[in-house]
Amino acid sequence: MSEFNPGLVSTKLSKTVGATLPMIPDTVYVSFSAEIVPHTTESLIGLLSEQVNRGVKDVYLMLSTPGGSVMHGMNLYNVLRGMPLHLTTHNVGNVDSIGNAVFLAGEKRYACKHSTFMFHGVGFDLPQQSRLEEKMLKERLDSLLSDQRRIGSIIEERTKIERNAIDELFREAQTKDSDFAINCGIVHEIRDVKIPEGGPVYSLVFKR
């Protein structure tokens, strides 16, 4: 398994005359187990961009995340959907909050038997001794509802879950198992990860 250093993403191509080009693998396997925040988002996009530049056509993303920033999760979803590759996503633990949108970027989606998906509404944190007036409260609420609609739209487009059921998932902050996921189209199959011998694996490692 290769350990990918997020600070050393390189897209340099060999220009040596007569050099033998390395064989491009059929599928690259990527392990992402982290919160969705600026540096983890940039690192994942950087690694996948490098694979696209190498000519890789299939990426298998093993995903487990507690969620994180809605802005960066939406960024990931849109960039992953736009990359010229076939993306498979596989829930290997927990996919929570905005992580569901990232997971749904996959064209083919799997979940391990004991994995879970957690849904909740969008919220925001307040610093201590904050003072909120009507105007600021309205702005915060408008932003919150807008983010919630965006996430809901992705779930509605990419699964069989109807809008009223999505709203209920958000309100109740529900955690669902893999059986629920396959029945409503979040995943296409419940299965374990099976990496073929010699398959290239990149593990994104972040400082905790």
Side-chain angles (χ1 to χ4, degrees), residues 1-16 19-69 72-96 98-115 117 154 158 178 181-182 185-208:
M1 178 180 289
S2 302
E3 184 174 303
F4 178 75
N5 186 331
L8 297 177
V9 176
S10 172
T11 57
K12 293 181 180 178
L13 300 176
S14 173
K15 296 183 180 179
T16 304
T20 301
L21 294 176
M23 183 179 294
I24 299 171
D26 292 334
T27 303
V28 166
Y29 296 83
V30 177
S31 174
F32 181 95
S33 180
E35 190 175 3
I36 297 169
V37 291
H39 71 282
T40 61
T41 297
E42 292 161 5
S43 297
L44 180 55
I45 290 174
L47 173 58
L48 297 188
S49 298
E50 184 180 53
Q51 301 311 308
V52 168
N53 290 335
R54 288 177 61 205
V56 171
K57 298 299 183 184
D58 291 274
V59 169
Y60 197 110
L61 178 61
M62 297 171 284
L63 180 66
S64 184
T65 176
S69 163
H72 294 94
M74 294 299 299
N75 180 22
L76 265 178
Y77 173 82
N78 288 318
V79 171
L80 293 180
R81 293 281 294 153
M83 284 188 168
L85 50 77
H86 183 275
L87 177 67
T88 298
T89 50
H90 198 137
N91 182 348
V92 294
N94 294 35
V95 169
D96 299 346
I98 189 61
N100 287 288
V102 177
F103 180 82
L104 288 171
E107 285 300 319
K108 199 70 176 177
R109 302 183 296 272
Y110 303 123
C112 293
K113 180 176 176 58
H114 302 294
S115 63
F117 297 82
I154 291 172
R158 305 286 288 166
S178 56
I182 196 169
I186 295 174
V187 302
H188 301 109
E189 186 179 345
I190 298 172
R191 58 184 286 185
D192 292 331
V193 174
K194 293 182 180 178
I195 301 172
E197 185 175 350
V201 182
Y202 293 86
S203 178
L204 284 160
V205 179
F206 305 101
K207 290 182 179 180
R208 295 294 196 265

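This structure is a prediction, so every number in the text was calculated from the model and none was measured.
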From [X] atom [atom1] to [Y] atom [atom2], the distance as rounded to the nearest 0.5 Å:
X: Thr89; Y: His188; atom1: OG1; atom2: NE2; value: 8.5 Å
X: Asp58; Y: His86; atom1: CG; atom2: NE2; value: 6.5 Å
X: Ile98; Y: Leu76; atom1: CD1; atom2: CG; value: 9.0 Å
X: Leu61; Y: Leu47; atom1: CG; atom2: CG; value: 9.5 Å
X: Asn91; Y: Leu63; atom1: CG; atom2: CG; value: 7.0 Å
X: Met83; Y: Ser49; atom1: CE; atom2: OG; value: 3.5 Å

What closest approach, in Å, do [X] and [Y] show between heavy atoms, and which atom pair accounts for it?
X: Ile182; Y: Glu189; result: CD1-CA, 3.8 Å
X: Ser64; Y: Gly93; result: OG-CA, 3.8 Å
X: Phe103; Y: Ile186; result: CE2-O, 3.6 Å
X: Tyr77; Y: Ala101; result: CD1-O, 3.0 Å
X: Phe32; Y: Leu204; result: CD1-CD1, 3.7 Å
X: Arg109; Y: Arg158; result: NH2-O, 2.9 Å

Q: Using atom types as modelled and distance alone, determine if a side-chain donor or acceptor of Ser203 lies under 3.5 Å from a backbone N or O of Ser31.
A: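 A pair under 3.5 Å: no.
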Q) Can you tell me if Arg54 uses its side chain to pair, donor with acceptor, with the backbone of Ile24 under 3.5 Å? A)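 No, Arg54 side chain to Ile24 backbone: no donor-acceptor pair under 3.5 Å.
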Q.
Using a 6.0 Å cut-off, check whether atom CG of Asp26 has over 12 heavy atoms from anything other than its own residue.
A.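 Result for CG/Asp26: open.
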Q) Going through the distances and angles, do Ile45 and Asn75 end up as a side-chain contact (heavy atoms from CB on, under 4.5 Å)? A) CA-CA 10 Å; Ile45 290 174; Asn75 180 22; 3.9 Å; yes
Q: Mind checking side chain to side chain donor-acceptor pair (under 3.5 Å) for Tyr60 and listing every partner two or more places apart, or none if nothing turns up?
A: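 With neighbours one apart ignored, the set is His90.
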Q) Given the rule in the side-chain contact (heavy atoms from CB on, under 4.5 Å) test, do Val30 and Gln51 qualify, once you have shown the distances and angles that lead to the verdict? A) CA-CA 11 Å; Val30 177; Gln51 301 311 308; 5.7 Å; no
Q: Could you walk me through whether Val187 and Tyr110 pass side-chain contact (heavy atoms from CB on, under 4.5 Å), step by step?
A: CA-CA 5 Å; Val187 302; Tyr110 303 123; 5.7 Å; no
Q.
Suppose we screen for side chain to side chain contact (heavy atoms under 4.5 Å, CB included). Which residues come up paired with Ser178, at least two apart in sequence or across chains?
A.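 Here the qualifying residues are Ala111, Ser115, Ile190.
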Q: Begin with the C-alpha distance, continue with both residues' side-chain angles, and end with the deciding distance and a verdict on side-chain contact (heavy atoms from CB on, under 4.5 Å) for Val102 and Thr65.
A: CA-CA 10 Å; Val102 177; Thr65 176; over 6 Å; no
Q: Find out whether Leu48 and Leu80 are in side-chain contact, i.e. whether some heavy atom of one side chain is under 4.5 Å from a heavy atom of the other.
A: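 With C-beta onward as the side chain, the pair touches.
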Q) Side chains of Thr40 and His72: closer than 4.5 Å at any heavy-atom pair? A)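 Not in contact.
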